[in-house]
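Numbers restart at 1 for each chain; the letters A, B, ... are given by sequence-line order, proteins then strands.
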Amino acid sequence: MARTTEILAGLNRAQQEAVETVDGPVLVLAGPGSGKTRVLTHRVAYLVREYGVPPWQIVAVTFTNKAAREMRERLYHLMGDQFRQLTIGTFHAICARILRREADAAGISPRYVIYDRTDQLSLARRAVRDLNLDDKLFRPQAMLRRISKAKNELITPAEMRPATYRDEVAWRIYERYETLLAENSALDFDDLLVRAVRLFRQNAEVLAGYRRRYPFVLVDEWQDTNMAQYELVKLLAGERANLFVVGDEDQSIYAFRGADYRNVARFRKDFPHACVILLERNYRSTQTILDVANAVIARNIQRQPKRLYTEQGGGCQVTAIEAYDEQEEGDIIISEIQHLVARGQARLGDCAVMYRTNAQSRPIEDAFVRRGMPYKLVGATRFYARREIKDVLAYLRLIHNPYDGVGLSRIINMPPRAIGQKTVGGLVKWAAEMGVPVYAALQVLAEAEEAEESEGKVRAPLGTRAKRALLAFTALIEELSRARQGLNLLELLDLVLERTRYATYVQDGTEEGQARWENILELRSVARDYADLPPETALTTFLEEVALVSDVDDLDEQVDAPTLLTLHAAKGLEFAVVFIVGLEEKLLPHSRSMDDPEQMEEERRLCYVGVTRAKERLYLLHAFRRTLYGESEVREPSRFLADIPLHLVKGWEEKQAARQPSLGLEPGRFLGRMRASVASFAAAQRPKPSAVERPSPTALRFRTGDQVQHKVFGQGVVIESRLSGDDEQVMVAFAGVGLKRLMASLAPMDKVATTD
DNA sequence: CTGGTGACAGTTTTT
DNA sequence: CTGTCACCAG
């Protein structure tokens, strides 16, 4: 636990000021790598320690679970167990909790379920169909975007002012969508924010309660807030705002999701007396890298000028390379990484490859696999989006809230139990006629059956066989619901897996089935963490947390391999060595952003975010040719490259000498040089990842770096192998497939080549 | 219920 | 060139 002096020690002047300015609103404009998390956490510790603020009066809001977790960890180090009394969480998690507690006042069911994107989509699809509209003309996806946008801006269907026919239709779909949500006792992600705002606006008493409870409000990543979030914070902070927000306009890259970097400027307007603190000193990168970043971002007009600097000196020049095509782009990266590792200048895990679009990862992955280099891919299918996980969760959701119609239709015939589309259609229609949720209709059916007077009273449009199947399903759900009381979460989950026969259904003997089963086992291990809670709260909390988390914690930190990720995913991370690929017109900046100056500024910020991830070395790559949608095309270097002063880039001085104004990097020259180095490394180096990998028992069949051939997934590289029970669990990166965890004894997989 | 087919879109996606 | 999804045949 730190003393007060320690809390301030090691902070620079600006950081100290940010920590110590306790009264009134504070806006911290924190450049990348300027220690904003540090400021945030130290301020919390300072409030408690120096100011005697009870920890439970402090709420710190983040955007991601990861950021929240990080903050908690750091605060644990600063203030010990007291950190448990702090409220730290994402906007969505905090709102979800408030809504659960204030369900009555908010006018929602305390058992509401949270719909994710997939659930939302099926609901939107239903809304479109309910209105007898063509879902080709009014694509649910597009409708959903509009709905989400409206919600982010706190516009209800009643407030929509349709200007065109399309608007009008979208508005009616929005209305229907809202009704459907209510019928399912469900809230979507946006609702969590919107409903919390509405609650605060409409219920002065509740609002006053929360203001009293949380006199100290801190918000991270302020530039990423949307209108609903801004409003929520403003309401919570109140007039005598003790509000502390940290952000950076230049790192706002989520406008497409409703984030509005203008909220930074708006804050100054809404809180004219706010203390504004600028953090420009960077603790991450070399001055050269910062100069590149400054040069790129300086061209944005809509920003407060800011200039990053470091006191740690120049560092080496950045490298700009033109590859012939995307294949060579990948090869060049690998050669360079091998080169750096061989000279001891970096470890594999220090390197990252960043791209604008996910599609770009494919050729890069291919190159990695071809060259036998392991890698980690960020952003493959998210754990909780996997089919089997969604299915199992749908059962739990249904036990929790049987009116969740999306969950119901997901699993009513999963595993197959003879309830076909026709049956479901008839059931849904019948429920609609009675004006009750689908599950309520099932219950009616069951009761009538029991009373044995079904003929006269209940006239469901269903055949006997269909009815029998539905009754069996209803009995199953009822049984599970009853069983819930006496079981802890893990036992309940196991019962679901057994009674629904989902476990046997998934384990069909195929490799894919095995993988899916392993995912379910992973879910089991998550559920185990909730096993100690009382049955009622366990399920509620579990479902809520699981709905608000996109991925389980990855242990990836431990794997020493380069990371492949989008520029968006790179935000908040740092790497010693960064490769940004595809620096080409129409890719970065993206073609879809070319005709809108606002969006162009965002592309520039995206580039800026990428550049500022690098600590020591930065490589900027583009291809002379690129194959997109099956068509090979000659490409032009990105305009962002042209903004970089020549002296910062290796080899560009010559251009300066030649007074060459344009940036057209002649392919021949750079390519030639690079090709030579590719060849020499390939020859000189039998790559030896074993030097940096962690030791593994010799009894195991696979080792990190081994190339394998899998029957289904094709070629891959072993990233990690460890003992699991008496079997060997192997993590393999497959080209175009991503990471797979396999059991050595089961997987139809052979070693093709080994590392040494 | 599975598997095949054809149409279609393909930027980013913290929750 | 892919991956996805709706739809239909067996």
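Within the 4.0 angstrom heavy-atom criterion, only backbone atoms of the sugar-phosphate kind lie near A:R139; the bases stay farther away. Within the 4.0 angstrom heavy-atom criterion, only backbone atoms of the sugar-phosphate kind lie near A:N65; the bases stay farther away. Within the 4.0 angstrom heavy-atom criterion, no nucleotide atom of any strand lies near A:A67. As judged by a 4.0 angstrom heavy-atom cut-off over every strand, A:R145 is placed among residues making no nucleic acid contact. Residue-level contact check: A:F91 touches neither bases nor backbone, having no heavy atom under 4.0 Å from any strand. In this structure, A:D224 reaches the bases: a heavy-atom distance under 4.0 Å links it to at least one base atom across the strands shown.
Stem analysis of DNA chain B (at least three stacked-register Watson-Crick or G-U pairs, each with both distances under 3.5 Å) gives B:1-10 with C:1-10.
Remark: A:E602 engages A:R605 in a salt bridge, criterion side-chain N to carboxylate O under 4.0 Å. Note on A:R397 versus A:D119: salt bridge recorded, some NZ/NE/NH1/NH2 to OD/OE distance being below 4.0 Å.
As rounded to whole Å, 15 Å separates atom P of C:dC1 from atom CG of A:D366. For the pair A:N358 CG and C:dC1 C1', the interatomic distance rounds to 16 Å; values are reported in whole Å.
Taking the six-membered ring where the residue is Trp, A:F200 and A:Y210 present tilted rings, their angle falling between 30° and 60°. Ring pair A:Y375/A:F368 is perpendicular by interplanar angle, where above 60° counts as perpendicular and below 30° as parallel. The aromatic rings of A:Y502 and A:Y395 sit perpendicular, their planes meeting at an angle over 60°, well past the 30° parallel limit. Taking the six-membered ring where tryptophan is involved, the planes of A:F189 and A:H92 are perpendicular, since the angle between them exceeds 60° and thus also 30°.
B:dT13 and C:dT4 have their P atoms separated by 15 Å, given to the nearest Å. Rounded to a whole angstrom, the distance from the C1' atom of B:dT11 to that of C:dA6 is 25 Å.
Counting heavy-atom neighbours within 6.0 Å of A:K390 NZ, excluding the residue itself, gives a total above 12.
Shown are A:V245, A:V246, A:L40; of these, the side-chain contact (heavy atoms from CB on, under 4.5 Å) with A:V28 is made only by A:V246.
For the pair A:R592 and A:F256, the cation-pi criterion (under 6.0 Å, within 45° of the ring axis) is not fulfilled.
Map A:A93 and A:T357 each onto its nearest nucleotide of DNA chain B; the residue landing nearer the 5' end is A:T357. For the pair A:A259 and A:S593, nearest-nucleotide mapping onto DNA chain B gives the more 5' position to A:S593.
Using a 4.0 Å cutoff to heavy atoms of chain A, the contacted part of DNA chain B runs 5' to 3' from B:dC1 to B:dT15.
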